[in-house]
Number of protein chains: 2
Amino acid sequence: MNIKEVAKRAKVSTATVSRTINNSEKVKPRTAERVRKAIEELNFYPNTHARTLVSGRSRMLGLIISDITNPFFPELVKSFEDEAVQRGKEVIIGNTDYNPKRMAGCIQRMVERKVDGVVIMTSEADPGLMMELTRRNIPTVFMDTGKPGPHTANIRIDYAQGIQEALQHLFALNHRRIAFISGPMNLESARIRHAAFVDGMKERGIGDHLMLEKGNHRIEGGAMAMRSLLKMSPRPTAVMASNDLTAIGALGVIQDANLKVPDDLSLIGFDDISFAHLTQPPLTTITLSRTQLAVTAFAALEALIRKEDGSHADYTISTHLVMRRSTGAI
Amino acid sequence: MNIKEVAKRAKVSTATVSRTINNSEKVKPRTAERVRKAIEELNFYPNTHARTLVSGRSRMLGLIISDITNPFFPELVKSFEDEAVQRGKEVIIGNTDYNPKRMAGCIQRMVERKVDGVVIMTSEADPGLMMELTRRNIPTVFMDTGKPGPHTANIRIDYAQGIQEALQHLFALNHRRIAFISGPMNLESARIRHAAFVDGMKERGIGDHLMLEKGNHRIEGGAMAMRSLLKMSPRPTAVMASNDLTAIGALGVIQDANLKVPDDLSLIGFDDISFAHLTQPPLTTITLSRTQLAVTAFAALEALIRKEDGSHADYTISTHLVMRRSTGAI
DNA sequence: CTGTATTCTGTAAACGATTACATACCAAGC
DNA sequence: GCTTGGTATGTAATCGTTTACAGAATACAG
């Protein structure tokens, strides 16, 4: 079932069939009609591999994320895919699991599959590896990480903004002993969030003896870190977590210890995943619009793909505090 | 950067390079070494499209799911992908969003991409469309739906078992006015769950005036249905939901109405997503092992791909009640 | 009718791998 | 030194499209 059989049935050449499929050049309406009928009757689907092989374009976009089981990412994937499907592109997802080895595997697959472009929403690989994509002239959009370069766009997320708002909120509520549970430190986004917290505390004159615990952006990591924090004396009166899953893990531990949020401890997450407002109490967190991020990333990538000059572009996305009951607000 | 350049650099023919890459036939160790060195130096990745075109195998598997933002599915995707990556296969995901049109698009893409096999974990398309895959001799594993046929395996999930256990549990706690919030009725799994509930109630002598509400397997659907249920009088003393997201949506509405779970109302979900034990109170639900499902699906598919006879196979996966505080247990 | 411009269609060469088949190489046995 | 047989390598066809180029058909003006 290939283009030849269609051609034979429609009594035209394969070139004409190809032109009809792609409406790349003028085909006489009556001929096109015959071809379409033949395609219909034979139930013909063009072979994308043959197509990609000769044209060099695969109509696929790569999207690399760090953890598909973190609801932040599926929401992002969905928005991105919606954009792509509308434009007749396909998305293939690479899931790194916070693991540089798997990240390398993802990038290799993207190259092998000859994707038209890649969006990298994670950063646990060594920079050299990521540059492999630009070295092969594959348009790439980096989030957080990545230096300006040809065939490249950067999306910078203003994590610091949201964290400043959060600290301001906590200080207004008279919290001073504020702990922070970080994410995996091989992630640029986790490093930035961590640094923004430390800087914010320093600016407010509390630079020493910060209560910092390590998490991993997963629920168990948050739980484990929280157990350590509860052993401290005096223990913190507020906890900020590097993401919502971490906060949710912490919340469970706090409640298991028969402490009340926000009466005994205030809690703030990051990401505003859909479950954040469903916890008891609903979680105060920092929001980052998935739709905006996805739309920006897609637009940035399309722009890179279209223009030949390989010039660079930068985008910024803001973050903001969402007050809910886990800090006593509302 | 293609196989020819590698061949030239290693001073061998392209055939030898191909053989080294695939270790398909004996290559003298010294020659293989030279080839590998050339590949390394040139940073060569084989073009998968060329490869697929001639060999007919793409090393990709399709996985079609209904909603990537429902945590049940990412967990499943992850398990499935782990299996696949270990065996050197890739997974491409199709997300239907409970939409038959998008389902059709997913299937078309799987055909176009020449996947080696497909696992269909959803069922909102018309059966004829799904048969398109088997008509093209693409090995396919169906969950819930699908009839026995060549190049086909079926995984049946014993939803009824878990639902029976749940009803037994509720009856033991003296509930009689038990409501059910269903899922999207174009999904076979939702229909089966619904039917199992109705059957179970009938068996227990409560077949009339059942309190049945429609949901959509999403949080808002559960919330909306619950609002209707709360308006009833007498209102139900227990609610079973077709999945956990539905139950979580219902839980929010119940608590907003200042009612207590389980004191005023008991609640049971389905799926046992990772957030189910993090709600307040933790959600009693019915568990269905994602790992077991993924491993079974992968094994079934591999078996279909390997054997040429196109014979059919059936598998069953069980479900069980997990008691937590939302029904007053523990 | 003829010539010319325009539109449409066909021919055939790519694209980059795999693989059937042919051939070169080499060691062992006599 | 000559078979024999196995191993290692090379040659060239092939997969199913796209697309540059050439050639046919059509329209239109004179």
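Per chain, numbering begins at 1; letters A, B, ... match sequence-line order.
One can place NZ of A:K11 at 16 Å from C1' of C:dG10, the figure rounded to the nearest angstrom. Atoms CZ (B:R19) and C1' (C:dA20) sit 10 Å apart, rounded to a whole Å. Rounding to whole angstrom units, CD of residue A:E5 and P of D:dC15 are separated by 12 Å. B:K26 has its NZ atom 19 Å from the P atom of C:dC26, to the nearest Å. Taking atom CG on B:N23 and atom P on C:dT19, their separation rounds to 13 Å, with Å as the unit. The CD-P distance, from B:E33 to D:dA8, rounds to 16 Å in whole Å. Between the CD atom of B:E25 and the C1' atom of C:dC21 there is a distance of 11 Å, given to the nearest Å. As rounded to whole Å, 11 Å separates atom P of C:dT19 from atom CD1 of B:I3.
A heavy-atom distance below 4.5 Å is not found between the side chains of A:E124 and A:N99.
In this structure, a donor-acceptor pair under 3.5 Å is present between the side chains of A:N43 and B:R136.
Looking at heavy-atom distances under 4.0 Å, A:V17 makes no contact with the nucleic acid at all.
Put simply, A:N22 has a side-chain N or O that comes within less than 4.0 Å of OP1 or OP2 on D:dT18. When the side-chain nitrogen and oxygen atoms of B:S13 are compared with OP1 and OP2 of D:dT11, none of them lie within a distance under 4.0 Å. Taking only side-chain nitrogens and oxygens, B:T16 comes nearer than 4.0 Å to OP1 or OP2 of D:dG10. Phosphate proximity of C:dT18 to B:S24: absent, as no side-chain N or O sits under 4.0 Å from OP1 or OP2.
Against DNA chain D, the stretch residues 37-57 of chain B makes heavy-atom approaches under 4.0 Å through B:L53, B:V54.
No salt bridge links A:D144 with A:R191; every basic N to acidic carboxylate O contact stays at or beyond 4.0 Å. With respect to A:R87 and A:D82, no salt bridge is recorded, no charged nitrogen being found less than 4.0 Å from a carboxylate O. Taking the charged nitrogens against the carboxylate oxygens, B:E83 and B:K89 have no contact shorter than 4.0 Å, which rules out a salt bridge. The pair A:E5-A:R9 does not meet the salt-bridge criterion, since no charged nitrogen lies less than 4.0 angstrom from a carboxylate oxygen. A:E90 and B:R113 are joined by a salt bridge, as a carboxylate oxygen and a charged side-chain nitrogen come within less than 4.0 angstrom of each other.
Listed candidates were D:dT18, C:dG10, D:dA8. Nearest to the side chain of A:S18 is D:dT18.
Summary of the strand contacts: B:K28 and B:T14 both lie near DNA chain D, and taking for each the nucleotide with the nearest heavy atom, the more 5' one is attributed to B:K28.
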